[in-house]
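Below: the structure, in structure tokens.
Given the structure is predicted, the values throughout are model-derived calculations rather than measurements. Below, chain A is the first sequence line, B the second, and so on; all start at residue 1. Just so it is clear, the values below take in all heavy atoms, side chains as well, and ignore hydrogens, waters and symmetry mates.
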There are 2 protein chains.
Amino acid sequence: MGRGPTSKDVARLAGVSQSTVSYVMSGKRSISAETLRRVEEAMAALNYQPHAGARALAGSRTNTIAIVMPFASAYDAGQLMAFVEEFVLAARVHDYDVLLVTAEEGIEGLRRITGGRQCDAAVVMQVTAQDQRADLARTLDFPVIFIGVPEDTTGLACVDFDFEAAGRLLVEELADLGNTRLSVLGWGADSVDRDYNYIGRFARGVTGAAEAHRLPVDWHLAPAADGFAAVLDAGLHPDGGRTGIIMTAGLSGGMRALALRGLVPGRDADVVALCTEAEAEEQVVPLTAVSTQPRDVSRMVAERLFALIDAGRPAQEGVDIVTATLVRRASTGRA
Amino acid sequence: MGRGPTSKDVARLAGVSQSTVSYVMSGKRSISAETLRRVEEAMAALNYQPHAGARALAGSRTNTIAIVMPFASAYDAGQLMAFVEEFVLAARVHDYDVLLVTAEEGIEGLRRITGGRQCDAAVVMQVTAQDQRADLARTLDFPVIFIGVPEDTTGLACVDFDFEAAGRLLVEELADLGNTRLSVLGWGADSVDRDYNYIGRFARGVTGAAEAHRLPVDWHLAPAADGFAAVLDAGLHPDGGRTGIIMTAGLSGGMRALALRGLVPGRDADVVALCTEAEAEEQVVPLTAVSTQPRDVSRMVAERLFALIDAGRPAQEGVDIVTATLVRRASTGRA
DNA sequence: TTGTATGCGTTATCAT
DNA sequence: ATGATAACGCATACAA
């Protein structure tokens, strides 16, 4: 593997000193038009690419951002991909590359990456209420942005979707449609155990709005939703009431449970969901839904991160919330 | 942002020279038990992490692999994620990190990453028949593995799923079930235009097997599959014949088209698919299908790549094929 | 078995 | 406006 041209080679070809080449790249001092031209020509002629390692060593910036990803998680793959794509594109605009770290490496992964100066900042996804990585970040003096909201956000920069509003919007939609009780097919015990904060916030949004509208709610955990099936079998609209359905996790299972009983969303019951737009639209009956917007989250994270990096400040404390909006589709009567 | 401890600091604390610390890490010369212990203690005490940039500069290895990903593509997000996860895990086993590059950067992205010595090797996904990156790789003297098979594989290392066998298996399954003609809902013009080789290989597999069994085939491009809908409306089994259905792209659209007409896979027609296992299983009627195995591909790529890296040889020419297998589910009569 | 010294390719501080 | 030169932190050839 050939060693590749260095800035010294460029300098020689352009007939200038090596430091001049460096200054041409950084733009940190004024260069005469003539010199600039010769250096740029030489760089092009040699197909010169600065050595990233040498840069990181001398300049103590890597132009790399690490993103700690929860692969085998409750997250939808499409969402994750959308988030990552958007983030990588935003990073490239600022001339940054993206290093992938699995959440499986846990706190050690963060330590390794930051300690080894492989990146200038990190994004940590899928944050739990009691997240050890939050504690580490506080001691780190290193820009980290969290996606999700740990219980104690002191000294942390967080971004998240407004799950509480999402819960509220879905309940209000069903209430407006005249439903008198709610059945929720939601996250299973495994997710709750791992203490994903957003599940609690969503539940709080649902509960709050349901109480305000005096609607009783029964919860069922996906995917082992025997209870949910029982509700369907017992009849959705007993005693002249009307049961509205909210689905979060276990969407395909829930839709299948309906289909197997010949129940059509929008005709036999109002069904709303918290899911991706793609999921909402690819159902046999497209779903009225609040969709998390991974690209919006991604853009907000990138914006905030590069503001930090460019300013050189430590991560500014605070939680940024991405707005939730409901889109009506055929699964609710009045679409 | 503090500078962090260096190997010099470790050396001082352990009462040895800096080079000894380095040799402890690399294991490239024998160290007395006593020295080893003191150095390791010092490293632990200081929470020492070697500076990645300095390492790359001095050792000319980055311990990083770039993976060039096709985000907004015909690829399924779940497949991509599975591939990436598996690869990152494999990479960590060999003490490598993974850098993400978008295919949107095209050939320049590859050039930038390899030229800047940000990685020791690269994996290029979603390769087209006439892929410029293949030409670049041939001139690069740098380990690159392609996922997908360009037309000219001279000097390239490629790994891919056996799409031709996939097509054959699906046709044979339908033939064995007594179908006398085939209807294929497949990739749309956009994918074909971009010349994804695997589409052609799949089609070849279908065509070859269909000819061998003397089955007529009609093709419909997803998602604008008006022709497919017309076939359904015209009646699937005219003239005492029997039409078997193969779905590749546009699966959800195809299933919806069936559902809207009250057609149930496995009852009214045999339906098979080339899709992910998750997709096959989450349908109302689970699908008999050949599934690409992203994790198998990933493992094969990783295995081959690290063999190259460890051996220090240039990428060994040749195409590795990941076996295709069919799994029977309820969408074909005899499940 | 261990220490000394050099170089990797940049950035940035002195000079001029 | 430009050139020398000293770090940056590690790997490794050379000495002992």
Side-chain angles (χ1 to χ4, degrees), chain A residues 1-40 42-43 46-64 95 112 114-118 120 312, chain B residues 1-40 42-43 46-64 95 112 114-118 120 312:
Chain A
M1 290 195 276
R3 305 225 64 61
T6 71
S7 58
K8 214 168 174 177
D9 299 323
V10 174
R12 184 165 27 232
L13 183 57
V16 299
S17 78
Q18 181 274 327
S19 67
T20 296
V21 174
S22 180
Y23 281 114
V24 164
M25 294 191 286
S26 69
K28 287 190 178 173
R29 75 182 186 192
S30 48
I31 306 279
S32 75
E34 169 62 8
T35 303
L36 183 63
R37 192 186 55 73
R38 298 222 318 264
V39 170
E40 281 176 340
M43 294 199 298
L46 296 176
N47 206 329
Y48 167 72
Q49 306 280 137
H51 189 296
R55 273 207 158 153
L57 183 56
S60 63
R61 325 188 72 203
T62 59
N63 274 43
T64 298
D95 204 41
R112 178 173 60 82
T114 58
R117 300 210 150 38
Q118 295 192 60
D120 302 330
Chain B
M1 290 196 275
R3 302 224 65 62
T6 71
S7 58
K8 215 168 173 178
D9 298 324
V10 174
R12 183 165 27 232
L13 183 57
V16 300
S17 77
Q18 179 271 324
S19 70
T20 296
V21 175
S22 183
Y23 281 116
V24 165
M25 293 191 288
S26 70
K28 286 189 179 174
R29 75 182 187 192
S30 49
I31 306 280
S32 74
E34 168 62 7
T35 303
L36 183 64
R37 191 185 56 72
R38 298 223 317 265
V39 170
E40 281 175 340
M43 294 200 298
L46 296 176
N47 206 328
Y48 168 72
Q49 307 280 139
H51 188 295
R55 267 203 164 160
L57 183 56
S60 63
R61 326 188 73 205
T62 59
N63 273 42
T64 298
D95 203 41
R112 178 172 60 82
T114 57
R117 303 213 149 34
Q118 294 193 60
D120 302 331

N/O (side chain, A:Thr6) to phosphate O (OP1/OP2, C:dC8) under 4.0 Å: no

Among D:dT2, C:dG9, C:dT2, the nucleotide that comes nearest once only the side chain of A:Ile31 is considered: D:dT2

B:Thr64 side chain vs B:Thr62 backbone, donor-acceptor pair below 3.5 Å: yes

Distance, rounded to the nearest Å, where B:Arg37 contributes CZ and C:dT1 contributes P: 17 Å

Distance in angstrom units between A:Arg3 CZ and C:dT10 C1', rounded: 15 Å

Per-nucleotide protein contact string for nucleotides 11-16 of chain D, where B marks a base within reach and S marks sugar-phosphate only (heavy atoms under 4.0 Å, - for neither): BBBB--

Under-4.0 Å side-chain N/O to phosphate OP1/OP2 contact, B:Ser17 with C:dG3: yes

B:Asp95 backbone acceptor or donor facing B:Asn63 side chain under 3.5 Å: yes

Straight-line distance of B:Leu57 CG to A:Arg55 CZ, nearest 0.5 Å: 13.0 Å

Whole angstrom value for the distance that separates C1' of C:dT11 from NE2 of B:His51: 12 Å

A:Lys8 NZ - D:dA4 P separation (whole Å): 11 Å

B:Arg12 CZ to C:dG3 P, straight-line distance once rounded to whole Å: 14 Å

Side chain proximity check, A:Arg112 to B:Gln49, heavy atoms < 4.5 angstrom: yes

Under-4.0 Å salt bridge between A:Glu40 and A:Arg37: no

A:Leu57 CG - D:dC8 C1' separation (whole Å): 4 Å

d(CD, B:Gln118; P, C:dT10) in whole Å: 13 Å

Side-chain donor/acceptor pairs under 3.5 Å, residues 8-16 of chain B, sequence neighbours excluded:
from	atom 1	to	atom 2	distance (Å)
B:Asp9	OD1	B:Arg12	NH2	2.8
B:Asp9	OD2	B:Thr6	N	2.8

Any A:Ser7 side-chain N or O less than 4.0 Å from OP1/OP2 of C:dT10: yes

Side chain proximity check, B:Arg29 to B:Ser19, heavy atoms < 4.5 angstrom: yes

